[in-house]
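The chain is numbered in sequence order, starting from 1.
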Amino acid sequence: MLEIAKKPFEVTEKAIRAHAFSSRLLKDYPEWLEALLCVKQAAARANFGAGLLSESEEQTIQKACEALKLPEYKDLFQVDVYQGGGGIGVHTNINEAIAVLAQEFGHPLDVKLQINLSQSTSDVLSTASAVALLRMGQELLKTLEETAQLLKKKAEESEGIRTMARTCLRDAMPAPISQLFEGYALLVQRQQEELLRAFKVLENINLGGTVIGSGEGATLTYQGLVIPFLSEITQLPLKRSENLYDSAQNIDRFSKVSSCLSEMATSWIKITKDLRLMASGPIAGFNELLLPEAIPGSSFFPGKVNPTLPETVLQACFLVLGNHRTVQASSEHGELFLNVFESCAALKVYESLGLFTEALTKLNEFCLSSLLVNAEACEKWVS
């Protein structure tokens, strides 16, 4: 299954046989995979700068990592991302893939003495997780900005249209429907601000701290070079964590992002339920919003337009809330000098970022952009 140049991935295949259970493979997490390869490139550059690798050894690692980022090599990464040992199987899969390509290039390298020199699974996976989440966070922030602008536009388009404001689902008083959309837009802007603050913390990484933050096995020269090199490779403003022992023990930097996403999920459940309720009817419901038909409605009720996009976002929110509980559990069960469940937490944040980015992108394109306010129905409720 995993072979190139007729050489098996010996330890990776052992990890697959012994640990695979979730059907979530490393190849299915492209941003994380690329981040892991970027970390290996930065480490190689730092080891060369520290005089620990020759120029040809460093260049071979660089060349292998660049090749492994290409789609045609993704099937080399078959290890299950969820497994014990703090993610050693994932790190091994990366190291063995680099080793096999190095052999293909005619320059064999030793995994321990060259490819993994000055590194530990702990600081490599932690750092790669932060890099991947920062990159994915940038995509979500762009999507949220688009969402906020669409909601502001809907507020402007519905200016002057009143409907019946309801409290406790009972009639209250006439109010501008534009204020609902304005409120949603302001909420989304606050979500952006909260996420930006949480992502800022992720810029502090522990690469060079090796296993528990002591830096044992990594020279001071390497430690001083590796993060600036990674920052240059990733184009991210990365810096060394204030206390590397703290970074190995505690994963609240990932929990904070997950908390923001969990809070977003509860807010978006409210927003999408509002859209769904205001689009109910058309005869026996509110009928205040006209949602576009993303797909044909019920085969049993011809012409019925279902609120499929709000319902899609609702389900994404349910999944994000479930992911957050996993992040909490991963944080709770860390022990003493190292939290071996850090990757589990980071991957759940990774999944939640992807869920929100994709679901809100679909909502923007297939719902919010062409949603209409039914002024006639709104005026009927007021009159």
Inset, instruction - Please step through side-chain hydrogen bond (donor to acceptor under 3.5 Å, both in side chains) for the pair Asn116 and Lys40, ending with a clear verdict. - result: CA-CA 8 Å; Asn116 201 43; Lys40 304 305 286 189; 3.1 Å; yes

Inset, instruction - Could you tell me whether the side chain of Leu236 reaches within less than 4.5 Å of the side chain of Ile233, counting heavy atoms only? - result: no

Inset, instruction - Say whether, by atom type as modelled, one donor and one acceptor occur between the side chain of Ser241 and the main chain of Asn243 under 3.5 angstrom. - result: no

Inset, instruction - Give a yes or no on whether a salt bridge exists between Arg24 and Asp28, defined as a side-chain N under 4.0 angstrom from a carboxylate O. - result: no

Inset, instruction - Grab the two heavy atoms, one from Ala67 and one from Phe105, that are nearest each other, plus how far apart they are. - result: CB-CZ, 4.4 Å

Inset, instruction - With the side chain counted from C-beta on, respond yes when Ile251 and Phe341 share a heavy-atom pair under 4.5 Å apart, and no when they do not. - result: no

Inset, instruction - Could you tell me whether the side chain of Thr127 and the main chain of Val124 form a donor-acceptor pair under 3.5 Å? - result: no

Legend entry - Asn339 versus Gln249, closest heavy-atom pair with distance: CB-O, 3.7 Å

Inset, instruction - Could you pull out the closest heavy-atom pair between Gly49 and Thr221, with the gap in Å? - result: O-CG2, 4.3 Å

Inset, instruction - For side chain to side chain contact (heavy atoms under 4.5 Å, CB included), just list the numbers for Leu372 and Leu289, CA-CA rounded to whole Å, side-chain angles, deciding distance to a tenth of an Å, and then say yes or no. - result: CA-CA 6 Å; Leu372 297 173; Leu289 297 183; over 6 Å; no

Legend entry - Same cluster (ILVMFWY, side-chain, under 4.5 Å), Leu196 and Leu261: yes

Legend entry - Close side-chain approach of Leu275 and Leu368, heavy atoms under 4.5 Å: yes

Legend entry - Test: Lys142 and Glu145 ion pair at under 4.0 Å: no

Inset, instruction - Quick one: sort the Tyr245 and Phe337 rings into parallel, tilted or perpendicular, breaks at 30° and 60°. - result: perpendicular

Legend entry - Any Ser343 side-chain heavy atom under 4.5 Å of Val90 side chain: no

Inset, instruction - Compare every heavy atom of Gly285 with every heavy atom of Trp381, then report the nearest pair and how far apart it is. - result: CZ2-O, 3.5 Å

Legend entry - Ser369 (side chain) donor-acceptor with Asn364 (main chain) under 3.5 angstrom: yes

Inset, instruction - Verify the cluster assignment for Val313 and Phe366: are they in a single hydrophobic cluster under the rule of side-chain heavy atoms below 4.5 Å apart? - result: yes

Inset, instruction - Give a yes or no on this: more than 12 heavy atoms of other residues, nucleotides or ligands lie within 6.0 Å of atom CZ of Arg276. - result: no

Legend entry - Distance in Å, Ile16 CD1 paired with Leu26 CG, rounded so as to fall on 0.5 Å steps: 10.0 Å

Inset, instruction - Would you please say whether a donor-acceptor pair under 3.5 Å links the side chains of Ser120 and Ser122? - result: no

Inset, instruction - Examine Arg166 relative to Phe286 and say whether NZ or CZ is less than 6.0 Å from the centre of the six-membered ring and inside a 45° cone about the ring axis. - result: yes

Legend entry - Atom CD of Glu332 with >12 non-hydrogen neighbours under 6.0 angstrom: yes

Legend entry - Check against side chain to side chain contact (heavy atoms under 4.5 Å, CB included), Glu66 and Gln41: CA-CA 9 Å; Glu66 283 300 316; Gln41 288 180 292; 2.8 Å; yes

Legend entry - Side-chain (Ser331) to main-chain (Gln328) donor-acceptor, under 3.5 angstrom: no

Inset, instruction - For side chain to side chain contact (heavy atoms under 4.5 Å, CB included), just list the numbers for Leu291 and Leu309, CA-CA rounded to whole Å, side-chain angles, deciding distance to a tenth of an Å, and then say yes or no. - result: CA-CA 9 Å; Leu291 301 183; Leu309 267 305; over 6 Å; no

Inset, instruction - Determine yes or no for a side-chain-to-main-chain donor-acceptor pair under 3.5 angstrom, with Asn206 supplying the side chain and Gly209 the backbone. - result: no

Legend entry - Polar side-chain atom of Ser214 near backbone of Thr210 as donor-acceptor pair, under 3.5 Å: no

Inset, instruction - Determine yes or no for a side-chain-to-main-chain donor-acceptor pair under 3.5 angstrom, with Asn306 supplying the side chain and Thr308 the backbone. - result: no

Legend entry - Pairwise distance NZ(Lys380) to CG(Asn374) - rounded to 0.5 angstrom: 9.0 Å

Legend entry - Rounded distance [0.5 Å steps], OH in Tyr73 versus CG in Leu33: 13.5 Å

Inset, instruction - Check whether Leu277 and Ile269 end up in the same hydrophobic cluster, where Ile, Leu, Val, Met, Phe, Trp and Tyr are linked by side-chain heavy atoms less than 4.5 Å apart. - result: no

Inset, instruction - Check the surroundings of atom NZ in Lys27: do more than 12 heavy atoms from other residues, nucleotides or ligands lie under 6.0 Å from it? - result: yes

Legend entry - Interatomic spacing from OG1 in Thr266 to NE2 in His324 - rounded to 0.5 Å: 10.0 Å

Inset, instruction - Report yes if the side chains of Ser247 and Asn204 come closer than 4.5 Å at any heavy-atom pair, otherwise no. - result: no

Legend entry - Pairwise side-chain contact, Leu68 with Leu76, heavy-atom cut-off 4.5 Å (strictly under): yes

Legend entry - Step-by-step salt bridge (charged side-chain N to carboxylate O under 4.0 Å, His left out) determination, Glu159 to Lys154: CA-CA 9 Å; Glu159 194 69 47; Lys154 293 303 163 186; over 6 Å; no

Legend entry - Glu203, CD: over 12 other non-hydrogen atoms inside 6.0 angstrom: yes

Legend entry - Within-4.5 Å side-chain heavy-atom neighbours: Ser118 and Leu52: yes

Legend entry - Lys/Arg-Asp/Glu bridge criterion (N-O < 4.0 Å) met for Arg190, Glu193: no

Inset, instruction - Please indicate whether Lys69 has more than 12 foreign heavy atoms, meaning atoms of other residues, nucleotides or ligands, lying under 6.0 Å from its NZ. - result: yes

Inset, instruction - Could you check Ile61 against Leu109 for side chain to side chain contact (heavy atoms under 4.5 Å, CB included), going step by step and ending with a plain yes or no? - result: CA-CA 9 Å; Ile61 293 173; Leu109 296 174; 3.5 Å; yes

Legend entry - Closest non-hydrogen atom pair, Tyr222 against Gly208: CE2-CA, 4.2 Å

Inset, instruction - Of all the heavy-atom pairs spanning Val79 and Thr12, show the shortest one and how long it is. - result: CB-CG2, 4.3 Å

Inset, instruction - Determine yes or no for a side-chain-to-main-chain donor-acceptor pair under 3.5 angstrom, with Ser231 supplying the side chain and Ile227 the backbone. - result: no

Inset, instruction - Compare all side-chain heavy atoms of Trp268 with those of Gln191 and state whether any distance is below 4.5 angstrom. - result: yes

Legend entry - Salt bridge flag under 4.0 Å for residues Glu182 and Lys152: no

Legend entry - Same cluster (ILVMFWY, side-chain, under 4.5 Å), Tyr82 and Leu353: yes

Legend entry - Gap between atom OG1 of Thr357 and atom CG of Leu144 - 0.5 Å precision: 7.5 Å

Legend entry - Any donor-acceptor pair under 3.5 Å from Glu139 side chain to Arg135 backbone: no

Legend entry - Common cluster, Leu180/Leu371, ILVMFWY with side-chain heavy-atom separation under 4.5 Å: yes

Inset, instruction - Look only at the side chain of Arg253 and the backbone of Asn250, and say whether a donor-acceptor pair between them is shorter than 3.5 Å. - result: yes

Inset, instruction - Determine which pairs satisfy salt bridge (Lys or Arg N to Asp or Glu O under 4.0 Å) with at least one residue from residues 52-63, sequence neighbours left out, and list them in order. - result: none

Legend entry - Separation between CE of Met264 and OG of Ser259, rounded to the nearest 0.5 Å: 13.0 Å

Legend entry - Greater than 12 external heavy atoms within 6.0 Å of Lys14's NZ: no

Inset, instruction - Using a strict cut-off of less than 4.0 Å between a Lys/Arg side-chain nitrogen and an Asp/Glu carboxylate oxygen, indicate whether Lys153 and Glu156 qualify as a salt bridge. - result: no

